[in-house]
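Below is one structure, written out as structure tokens, with a few remarks after it.
Quick caveat: nothing in here was measured; it's all calculated off a predicted structure. Quick note: numbers below take in every heavy atom, side chains included, and nothing from hydrogens, waters or symmetry partners. Proteins get letters first, then strands, A, B, ... in listed order; numbering begins at 1 in each.
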2 protein chains.
Amino acid sequence: MKTRTTTQQVHILQYLRQKHSHPCAEAIHKEVVKQLPTITLATVYRNLNKLVEQEDIISFKVGNTYHYDGKVGDHIHGICENTGKIVDIEQPELVQYVRKKIHHHGFTPKNIRIIVTGTCKRGETQ
Amino acid sequence: MKTRTTTQQVHILQYLRQKHSHPCAEAIHKEVVKQLPTITLATVYRNLNKLVEQEDIISFKVGNTYHYDGKVGDHIHGICENTGKIVDIEQPELVQYVRKKIHHHGFTPKNIRIIVTGTCKRGETQ
DNA sequence: GTATATGCAAACAATTTGCTCTCCT
DNA sequence: AGGAGAGCAAATTGTTTGCATATAC
């Protein structure tokens, strides 16, 4: 089953690449529908699943909801309990180090998701 | 609203403390219902939520489902793509190290969840 | 005794699926 | 032309909730 590049897919991927928040499917739909008025939430989900499979984007759960991220490199996600925001913690060497340690421990890692709850700088001043 | 210790809660907590897998609510219900035939899935969920809030247990998502763990100390969860099992990767110092690094990076961490997909030792020989 | 927790069934929210039609290639 | 994808609506899954009754304190 060869995959086909559709307008919808292009828009979704573009949006995720450009946007550096970590929107959920509904937020993505809300945005993309502005340019493609007929696109449905189901289509957004189907495309997101495809993009994740192709490793063009990554996904992770917060609460009950999947969030999507156009940045695929190793990084850490921080969920600020005060601002509610999901922030990127760019520490690729740290993730690399964790990866190595886990491997030494006898588990061959593929994907590593590190999700931290706590407070970001902005959140602390609230 | 002061909390009350019920038979149901005791059984659920006991089960999670003793069992070192990482069952989901349904699996817990399946087990606990053997001793408490009238307990419902809703009650299991209510108690699990309470226990998580009280920090007697921890929870984390894999795929669409919450999994629960009676072990609350810092550790890493490995999801083996071959066996399907969730294994504990006991590396408390590593998690401590990650915690420290994240703090230095400007995010004050509370809970850290590290979830790795890959293959465990047993999975590799399959 | 009183209020919190249970059991039951119904509600919910996020995500998926079946079907028909569209439109890439 | 042929088939992957879109759109729509309905289904499914995991989890939560409202209400009457049971039970812990």
Handout entry: Aromatic ring pairing Y66(B)/Y68(B), orientation class (parallel under 30°, perpendicular over 60°, tilted between)
Key =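 Rings of Y66(B) and Y68(B): tilted, 30 to 60°.
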Exercise for the section: Classify the ring geometry between H22(B) and F60(B) as parallel (under 30°), tilted (30 to 60°) or perpendicular (over 60°). Expected result: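 H22(B) vs F60(B) ring planes: perpendicular.
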State whether [X] places a side-chain N or O below 4.0 Å from either non-bridging phosphate oxygen (OP1 or OP2) of [N].
X      : N      : answer
T40(B) : dC8(C) : no
T3(B)  : dA5(C) : yes
Q8(A)  : dG7(D) : yes

Could you work out which one of [options] sits closest to the side chain of [X]?
X      : options                   : answer
R4(A)  : dT23(D), dG5(D), dG7(D)   : dG5(D)
N64(B) : dG7(C), dG14(D), dT17(C)  : dG14(D)
T6(B)  : dA5(C), dT16(C), dC19(C)  : dA5(C)
Y45(B) : dG7(C), dG5(D), dT16(D)   : dT16(D)
E26(A) : dA5(C), dA14(C), dC8(D)   : dA14(C)
R46(B) : dA6(D), dT15(C), dG18(D)  : dG18(D)
K50(B) : dT15(C), dA5(C), dC8(D)   : dA5(C)
L41(A) : dT16(D), dT15(C), dG18(C) : dT15(C)

Practice task
In sequence, state the C-alpha distance, the side-chain angles, and the governing distance for H75(A) and I58(A), and then conclude on side-chain contact (heavy atoms from CB on, under 4.5 Å).
Solution key: CA-CA 11 Å; H75(A) 61 286; I58(A) 63 172; 4.3 Å; yes
Exercise for the section: Could you tell me whether the side chain of R99(A) and the main chain of K110(A) form a donor-acceptor pair under 3.5 Å? Expected result: yes
Handout entry: T117(A) side-chain N/O to N111(B) backbone N/O, donor-acceptor pair under 3.5 Å
Key =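 Side chain of T117(A) to backbone of N111(B): a pair is present.
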Handout entry: Within residues 12-20 of chain A: residues closer than 4.0 Å to DNA chain D (heavy atoms)
Key = none
Send over the distance from [X] [atom1] to [N] [atom2], rounded to a whole Å.
X      : N       : atom1 : atom2 : result
L51(A) : dA4(D)  : CG    : P     : 18 Å
Y68(B) : dG14(D) : OH    : P     : 12 Å
H11(A) : dG7(D)  : NE2   : P     : 11 Å
K61(A) : dA13(C) : NZ    : P     : 15 Å
L48(A) : dG5(D)  : CG    : C1'   : 15 Å
H29(B) : dT15(D) : NE2   : P     : 14 Å
E53(B) : dT16(D) : CD    : C1'   : 14 Å
Q9(A)  : dG5(D)  : CD    : C1'   : 10 Å

Please report, to 0.1 Å, the donor-acceptor pairs under 3.5 Å made by any side chain of residues 35-53 of chain B, with sequence neighbours excluded.
residue	atom	partner	partner atom	Å
T40(B)	OG1	T43(B)	N	3.3
T40(B)	OG1	T43(B)	OG1	3.1
N47(B)	ND2	T43(B)	O	3.0
N49(B)	ND2	Y45(B)	O	3.4
K50(B)	NZ	T3(B)	OG1	3.0
K50(B)	NZ	R4(B)	O	3.2

Problem - Residue whose closest nucleotide on DNA chain D lies nearer the 5' end, N49(B) versus N47(A) - result: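 That would be N47(A).
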Exercise for the section: Could you check I89(B) against H77(B) for side-chain contact (heavy atoms from CB on, under 4.5 Å), going step by step and ending with a plain yes or no? Expected result: CA-CA 6 Å; I89(B) 300 170; H77(B) 289 117; over 6 Å; no
Practice task
Kindly give the heavy-atom pair with the smallest separation between G70(B) and I57(B), and that separation in Å.
Solution key: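 Result for this residue pair: CA-CG2, 4.2 Å.
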